[in-house]
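For reference, the structure discussed in these notes is given below.
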Number of protein chains: 2
Amino acid sequence: MSRADTPRRGSRPGRAGIRDVAAAAGVSITTVSDALNGKGRLPDATRRHVREVADRLGYRPSAAARTLRTGKSGLIGLTVTTYGDEPFTFTEFAYFAEMARAATSAALARGYALVILPATSRHDVWSNVALDGTVVIDPSDEDHVVGELVRQGLPVVSDGRPAGSLPVAAWVDNDHEAAVLGILDHLADAGARRIGLLTGTTTDTYTHLSTTAYLHWCERVGQDPVYEAYPAHDPCAGAVAADRLLARPDRPDAVYGLFDPNGTDLLAAARRYGLRVPEDLLLVCCSESTVYASTEPPITTLSLKPRRIGTAVVQLLIDAIEGVKSDQPVQQVIPTELIVRTSSERRSPRTTISPPRSPEEG
Amino acid sequence: MSRADTPRRGSRPGRAGIRDVAAAAGVSITTVSDALNGKGRLPDATRRHVREVADRLGYRPSAAARTLRTGKSGLIGLTVTTYGDEPFTFTEFAYFAEMARAATSAALARGYALVILPATSRHDVWSNVALDGTVVIDPSDEDHVVGELVRQGLPVVSDGRPAGSLPVAAWVDNDHEAAVLGILDHLADAGARRIGLLTGTTTDTYTHLSTTAYLHWCERVGQDPVYEAYPAHDPCAGAVAADRLLARPDRPDAVYGLFDPNGTDLLAAARRYGLRVPEDLLLVCCSESTVYASTEPPITTLSLKPRRIGTAVVQLLIDAIEGVKSDQPVQQVIPTELIVRTSSERRSPRTTISPPRSPEEG
DNA sequence: CTCGTTGACAGGTACGTTTCTGCAAGGTCA
DNA sequence: TGACCTTGCAGAAACGTACCTGTCAACGAG
């Protein structure tokens, strides 16, 4: 019935389709597709001509049609844990932001874009987006969003060892035990006699591994464990827990805090109890924030290197998507970095802190 | 040729299509589509039956096919400014993270997902994802990514007044002039005689509006402007600029810092010059971070309410996408919030700071 | 008894690509 | 001079869905 010579102006008037380009260039649809995608065997003249016409018409291939045809969308999900309504918790802010930033860049460099998908997303939302694969941060075995993605055959790469038997294609993680042991040794070297821990009540892998590493270390060196746990996603609970820890009769003379805000909270608590840092109390916390470089005193922090993790996770995922046989292992352990500052330098308390000078001196 | 009774097992073996559901349920494709989407006029028995069969087969509609057919992808872009290689700059970390978080939640609640798209994305990446619309943060008139999206007819809503004549569908912003004037008045009320400003060298709207508001205020009250500008995306430059500001012969007795890290940097600089806060120097900075609640002393901050902005931006965008005639205006001004803490309370310096007590007292 | 109406479904087309399969024209070689 | 390959391109079949256009029965009204 309808001959092909009707220019099909029924669709969106603004957007030119591949058909329009073909007609305008006087070639077939196949030739246009081949010319623009570098496929087929065409003389350069034809290729140039087609490209030129396409540019002139402002032709943009339909992503949906391409995805439908090729089965590849160029989208990868970034599944984040949720506490309450909001994606990613307060304590993970800096970590998550850095990690997502690096992941975005890495994905972009390989032609992919990132879709933010909270783990508690409504089913109809994340099943309605065509993903080529997913990065999942700190997967729990209860996460049936991830479970179903895996069941659908989508590649999944996790940040953090997968709990339970989640069959992820690859994972990237820090060696949290080694990191904690390293910090405890560092504090002991600095003269700490009784090291306390500020930890979380949640059951995630990071908290669990770090806490047990602490307990093992205590057992090994024969120290009684001194720790306080609090719900890490509650911004106020941290300050209270820090206070509790320093109020104990067996008050530690050094503390490691597992979460980002612990540093300022512990510092504030120390001030309340009249404890000088680092003279009376050594302090280290796990954080990606740079504020700890300019606190009084600057606080030693452990960086989990979220940038490297984000990059590695995305690389592994895209390798899995594209079927690249990478020479990288599918389990990568990213080393942590201890940034030593004044708060854990017991023996040289006055090298970086200048004593106050009088105002007229400035 | 090929009769319809061949079950088309040539496609992905794992995924059931709408055809398979229709065959298994003994109905037509149309009936399946209508039953699952709530369209058409079907008896509830049929609807239930189809739904049941679909569940049993684990049927998931293809997002790509649906997008191609309906023209709606359920994806909205989140376009962020870039400095160097990485999306969103260091100084905007907390703001951006909060804003993105709220935007993600709001989008999710209405059935949309967010795609992170740095403004400097390779052309082929962001033109390869089917977007229903875009949120753009702090749009510059030079941003030809946004320009082209608009030209394609995609709804664009911006966080921040659009520079130049970018024809966005709507925008959300703070009243930055009013915020700055409010802070300056607040500092003056607290006893400040000469208020300094720590600002940026970039040409974005926020920096520009805030700086001119400061200059106007100075002119009005007859104070000589005292300010230092630095490239805000450089993490180190801020500390240097803070130092410079306090080293000036016309040293201010109060400072407002436009960027998040300015608080700690100014505090550190004040310590170096032996200036007590708030006795010798009043301090306010613009930040979303909670660390300023537990610095010594706690620092007064201005919050731009990124959560409210993120939510509002997404609501406006989705309204535009769905053609909803919202009763909300298409330009929304979100009020800022000044969180007053010790650093700007000149007349009551010792209400919240406990003097150090001796260690044995704990 | 006829005729519009309504309910319950099926057929088929279109969405815009990519790509497999052809098919001439021209060159090469025995 | 055929047989055979290469080049340059066109036709048409998918991809999986949504929806428009029927069709066929039952049914009440005139």
Side-chain angles (χ1 to χ4, degrees), chain A residues 1-12 14-23 25-50 54 57 59-74 127-128 130, chain B residues 1-23 25-50 54 57 59-74 127-130:
Chain A
M1 304 297 183
S2 67
R3 294 292 304 279
D5 50 5
T6 58
R8 193 176 311 284
R9 291 266 115 255
S11 56
R12 296 296 166 275
R15 307 250 328 195
I18 197 173
R19 254 185 300 265
D20 306 308
V21 178
V27 296
S28 78
I29 293 182
T30 307
T31 304
V32 175
S33 179
D34 282 350
L36 296 181
N37 296 339
K39 307 274 179 76
R41 358 165 242 206
L42 302 177
D44 283 351
T46 309
R47 231 176 263 277
R48 264 196 304 273
H49 176 227
V50 169
L57 296 186
Y59 168 67
R60 298 272 168 263
S62 148
R66 171 173 293 175
T67 300
L68 177 59
R69 183 61 233 245
T70 62
K72 300 274 158 227
S73 66
S127 97
N128 204 14
Chain B
M1 304 294 182
S2 64
R3 293 291 305 278
D5 51 4
T6 58
R8 194 176 310 283
R9 291 266 114 255
S11 56
R12 297 298 165 274
R15 308 254 324 200
I18 197 174
R19 253 184 302 265
D20 306 308
V21 178
V27 296
S28 79
I29 294 182
T30 306
T31 304
V32 175
S33 178
D34 283 349
L36 296 181
N37 295 341
K39 306 275 179 75
R41 6 169 232 201
L42 302 177
D44 283 351
T46 309
R47 231 175 263 275
R48 264 196 304 273
H49 177 227
V50 169
L57 296 187
Y59 168 67
R60 298 272 167 263
S62 149
R66 171 172 293 178
T67 300
L68 177 59
R69 183 62 234 249
T70 62
K72 299 274 159 230
S73 66
S127 96
N128 205 13
V129 27

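Chain letters run A, B, ... following the sequence lines, proteins first, then strands; residues in each count from 1.
Closest approach of B:Arg47 and B:Asp34 over heavy atoms only: NH1-O, 3.3 Å. Annotation for B:Val27 and B:Val50: closest pair CG2-CG2, 4.2 Å, computed over non-hydrogen atoms. Listed here is the closest heavy atom pair of B:Ala65 and B:Ser62: N-OG, 3.0 Å. Residue B:Ile18 comes nearest to B:Tyr59 through the heavy atom pair N-CE1, 3.4 Å, listed as atom of the first residue, atom of the second, then distance. Residue B:Ala16 comes nearest to B:Leu57 through the heavy atom pair CB-O, 4.0 Å, listed as atom of the first residue, atom of the second, then distance. Smallest separation of non-hydrogen atoms from B:Ala130 and A:Ala63: N-CB, 3.5 Å.
With rounding to whole Å, A:Leu68 atom CG is found 13 Å from C:dT19 atom P. Between B:Leu36 atom CG and D:dC19 atom P the separation is 13 Å, expressed in whole Å. Rounded to whole angstrom, the span from the CZ atom of B:Arg66 across to the P atom of C:dG16 amounts to 18 Å. If you take CZ of B:Arg69 and C1' of D:dA18, they are 4 Å apart, rounded to a whole angstrom. At whole-Å resolution of the value, NE2 in B:His49 and P in C:dA8 are 16 Å apart. Nucleotide C:dT19 holds its P atom 7 Å from the CG atom of A:Asn37, rounded to whole Å. C:dC15 atom C1' lies 14 Å from atom CG of A:Asp20, rounded to whole Å. In this structure, NZ of A:Lys39 is placed 15 Å from P of C:dT21, rounded to the nearest angstrom.
Checking D:dG16, C:dT17, D:dC19 against every side-chain atom of A:Pro61, the shortest atom distance belongs to C:dT17.
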Task: Under 4.0 Å protein heavy-atom contact, by nucleotide of nucleotides 4-10 of chain D - B base, S sugar-phosphate only - done: ---BBBB

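In this model, the phosphate group of D:dA18 is approached by a side-chain N or O of B:Ser33 to a distance below 4.0 Å at OP1 or OP2.
Side chain to side chain, A:Thr31 and A:Ser28 meet the donor-acceptor criterion of an N or O pair below 3.5 Å.
No contact: B:Arg47 has no heavy atom under 4.0 Å from any strand.
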